[in-house]
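Quick note: numbers below take in every heavy atom, side chains included, and nothing from hydrogens, waters or symmetry partners. The chains referred to below are lettered A, B, ... by the order of the sequence lines, with proteins before strands, and numbering in each begins at 1.
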Protein chains: 2
Amino acid sequence: MDLTGKITMAHGSGGRATNELIQKVFAHAFDNPVLDAMEDAAVVQGCEKIAVTTDSFVVDPIEFPGGDIGRLAVCGTVNDLLMRGATPKYLTCGCILQEGLEIATLERVVASLADAAREAGVQIVAGDTKVVGGAGGLMINTAGVGFVDSSLQISASNCQPGDVLIASGHLGDHHATILSKRMGIENTIKSDLAPLGDMVQRLLQEGIQVHCLRDITRGGLGTVVKELAEASNVTMALQESQLPVAAQVRDFCGLMGLDPLYMGNEGKLLAVVAAKDASRALELIKQSTYGADAAIIGQVTDEQAGMAYVETAIGGKRMLDILFGEGLPRIC
Amino acid sequence: MDLTGKITMAHGSGGRATNELIQKVFAHAFDNPVLDAMEDAAVVQGCEKIAVTTDSFVVDPIEFPGGDIGRLAVCGTVNDLLMRGATPKYLTCGCILQEGLEIATLERVVASLADAAREAGVQIVAGDTKVVGGAGGLMINTAGVGFVDSSLQISASNCQPGDVLIASGHLGDHHATILSKRMGIENTIKSDLAPLGDMVQRLLQEGIQVHCLRDITRGGLGTVVKELAEASNVTMALQESQLPVAAQVRDFCGLMGLDPLYMGNEGKLLAVVAAKDASRALELIKQSTYGADAAIIGQVTDEQAGMAYVETAIGGKRMLDILFGEGLPRIC
């Protein structure tokens with residue numbers, strides 16, 4: 001069978017056509033002995049404590065400035081593991097292909113996924129492919145397993161009054177990219193999609209007292225701080241003037257009536273660190289591959305359990321709540 | 001928000017509507033402290049060697065006689081772990097909901113998934129929910145982590161000449177069920193969908209020399225034996241007269257021109273065991289919850305590397321190959 005053209009239902013049969021697709025597209029790109037064994041389950045090295053997470057990715061368009069659904073499927077899951085202080089080790093990759101998907105597109109996405117996995121230092125140890133009807137789309141689920149250093153206490157419920165909040169860079173880039181592409185708006189905004197292992201590992205290796213880490217994805221920073229305020233029974237206080245937003249994204253948001261506080265990223269995190277370590281933590285994040293635009297954006301207080309607000313430039317307080325309703329187009 | 005009616009795009013926003021859906025439908029059904037923590041990744045107990053696998057489920061219809069996509073999403077992944085001799089421990093669950101899905105349907109499926117997880121002895125430790133456009137459908141990805149006893153050597157490449165092949169029950173039930181439902185054919189065929197932990201653990205605990213285990217899913221037994229023959233460089237020889245097929249499924253296949261050897265199950269396995277242990281292994285499988293109809297169906301020989309055949313009732317040999325092409329409707 002010549003592997004050109006489009007995906008057909010036969011590629012999902014579980015028989016020879018599926019095997020050829022897996023061999024020629026996936027196994028080739030993900031090349032590693034564990035996956036090559038093609039067993040029902042991969043057997044790999046374990047660890048006393050492990051972190052486990054999963055994410056499905058349904059972004060449309062599947063390719064966009066700064067990345068694609070393949071890189072997204074790695075970064076999203078790897079970053080979730082990192083947010084628990086875990087070292088990402090293994091990924092599974094379940095692809096749901098829609099009939100009519102161009103095989104050339106699939107190959108680009110899979111190559112990008114494999115590149116991102118190499119960058120993030122994770123091995124893809126198990127995969128699955130299904131084909132469904134539709135209009136040539138592609139959805140990817142990844143699950144991740146990481147090793148956990150039991151001495152770390154990094155958790156959504158561990159934010160403490162006095163802690164300092166650091167955002168690792170510009171807010172809203174990924175969201176603005178997808179929205180621009182969906183609406184056919186021409187600009188040079190690019191997704192910030194990135195694996196954050198380098199950033200997190202610098203903080204942990206240098207012994208920064210990290211109380212909580214969250215990647216700033218669906219729902220945006222506003223949703224993240226409100227959720228953490230509720231989980232830790234504290235107040236999260238942001239300073240509007242300190243929020244890092246790229247000029248072009250700020251203009252785009254102004255034009256569209258959007259709030260960067262509720263726009264998702266895919267390569268940014270919020271670090272909640274002990275006040276004594278704040279400036280050193282900021283410095284370490286700034287030195288990391290994707291942290292050049294990091295900033296201290298607020299602090300944890302004991303004003304009221306579960307409250308989150310942003311102090312505006314003119315000194316007012318705007319309460320923040322979890323995003324309700326539509327959001328915007330699906331961005332991940 | 002009242003959780004009745006249908007799924008809307010807002011349920012996929014990542015904000016309050018998503019949270020309510022997760023709390024009221026998923027967290028409630030999957031109730032466990034690890035998941036309740038709602039962290040980016042679950043931290044759980046590990047083991048020196050772990051098995052990792054994943055599967056996406058796109059079966060249509062999502063509810064069918066003998067089960068539904070929720071039970072399927074647990075059994076499919078749990079059985080893949082068991083096929084490596086691993087003890088299934090943790091599942092992740094990624095749901096992709098199509099707009100318009102009835103919330104009552106989702107609740108039934110999720111309850112069924114939770115029941116199957118309890119039966120299989122696994123904990124659902126991480127989840128994700130996305131909403132996409134469509135016609136009210138539902139796709140589920142599960143990834144599984146199991147603990148591995150390093151002393152076991154159970155692998156597709158470990159089938160040895162002289163070994164005996166045991167099928168754990170009737171072939172084709174699940175496939176015939178889905179096909180009947182799709183074609184609107186009235187009959188009483190039911191899916192065999194089941195977790196096989198009890199069966200596998202009996203074999204291992206009793207010290208049966210198990211060389212290979214495979215669940216008989218997409219592609220059917222014909223595909224399984226051909227793949228194992230190739231992986232182990234042996235011949236797999238089946239006896240047609242010994243193949244267990246329920247009368248009603250045999251009639252259905254005859255009518256439709258289908259071959260039970262290429263029809264998938266979701267609660268059956270092929271065990272390849274040392275000849276000396278064959279009758280004891282058969283007895284143990286027959287005693288297990290889902291093994292009453294098990295049968296010895298053939299043996300491994302050294303005739304030719306990579307060959308698989310079925311000896312017909314009149315003494316002919318019919319070569320078996322991996323299923324090529326369409327298969328049939330998607331069954332998992």
Side-chain angles (χ1 to χ4, degrees), chain A residues 9-10 12-17 19 38-56 58 80-81 83-84 86 90 92-94 96 125-128 130 132 139 141 143-146 148 155-156 214-215 217-219 223 231 264 321-327 330, chain B residues 9-10 12-17 19 38-56 58 80-81 83-84 86 90 92-94 96 125-128 130 132 139 141 143-146 148 155-156 214-215 217-219 223 231 264 321-327 330:
Chain A
M9 292 305 281
S13 64
R16 188 70 73 182
N19 277 8
M38 292 287 161
E39 300 275 4
D40 279 338
V43 173
V44 291
Q45 200 57 45
C47 180
E48 195 195 335
K49 288 264 181 194
I50 57 174
V52 181
T53 190
T54 190
D55 233 322
S56 301
V58 298
D80 277 347
L81 293 172
M83 297 309 111
R84 297 303 303 278
Y90 313 116
T92 66
C93 173
I96 301 179
V125 295
D128 177 63
K130 293 288 191 306
V132 298
M139 293 170 278
N141 174 286
V145 176
V148 176
S155 153
R214 267 282 159 119
D215 53 343
T217 55
R218 268 192 305 181
T223 298
D321 203 348
I322 289 170
L323 177 68
F324 188 84
E326 269 308 303
R330 49 195 220 235
Chain B
M9 291 305 282
S13 66
R16 188 70 75 181
N19 278 8
M38 293 284 162
E39 300 275 4
D40 279 339
V43 172
V44 291
Q45 199 58 44
C47 179
E48 195 194 338
K49 288 264 183 196
I50 58 175
V52 181
T53 191
T54 190
D55 233 323
S56 301
V58 297
D80 277 346
L81 292 172
M83 296 309 112
R84 296 304 301 280
Y90 313 116
T92 66
C93 173
I96 300 179
V125 294
D128 177 63
K130 293 288 190 310
V132 298
M139 294 170 277
N141 174 286
V145 175
V148 175
S155 155
R214 267 284 158 117
D215 53 343
T217 56
R218 269 193 305 182
T223 298
D321 203 347
I322 289 170
L323 176 69
F324 189 84
E326 263 318 298
R330 47 193 221 237

- Item | Closest contact, heavy atoms only, A:Ala42 versus A:Val125 | CB-O, 3.1 Å

- Message: So, using side chain to side chain donor-acceptor pair (under 3.5 Å) as the criterion, who are the partners of A:Asp80 when residues are at least two apart?
- Response: none

- Message: Donor-acceptor check, side chain of A:Gln45 to backbone of B:Glu48, threshold 3.5 angstrom: yes or no?
- Response: yes

- Query: Donor-acceptor pair, B:Glu39 side chain versus A:Ser155 backbone, under 3.5 Å?
  - Reply: no

- Task: With a 4.5 angstrom heavy-atom cut-off, could you sort out which part of A:Val145 is near chain B: side chain, backbone, both or neither?
- Result: side chain

Most contacts with chain A, counted as non-hydrogen pairs under 4.5 angstrom, among [options]:
options: B:Ala126, B:Ala143, B:Cys93; answer: B:Ala126
options: B:Gly94, B:Ser56, B:Gly219, B:Ala51; answer: B:Ser56
options: B:Thr53, B:Thr92, B:Val52, B:Asn19; answer: B:Val52
options: B:Val43, B:Asn141, B:Ile50; answer: B:Ile50

- Given the options A:Gly264, A:Cys47, A:Ala41, which has more heavy-atom pairs under 4.5 Å with chain B than any of the others? A:Ala41

- Message: Assess whether a salt bridge exists between A:Arg214 and B:Asp40, defined as any Lys/Arg side-chain N lying under 4.0 Å from an Asp/Glu carboxylate O.
- Response: yes

Part of [X] within contact of chain A (heavy atom distance under 4.5 Å):
X: B:Asp215; result: both
X: B:Val148; result: side chain
X: B:Ile96; result: side chain
X: B:Thr223; result: side chain

- Task: Name all residues meeting the salt bridge (Lys or Arg N to Asp or Glu O under 4.0 Å) criterion together with A:Asp128; count only those two or more places apart in sequence or in a different chain, and write none if there are none.
- Result: A:Lys130, B:Arg218

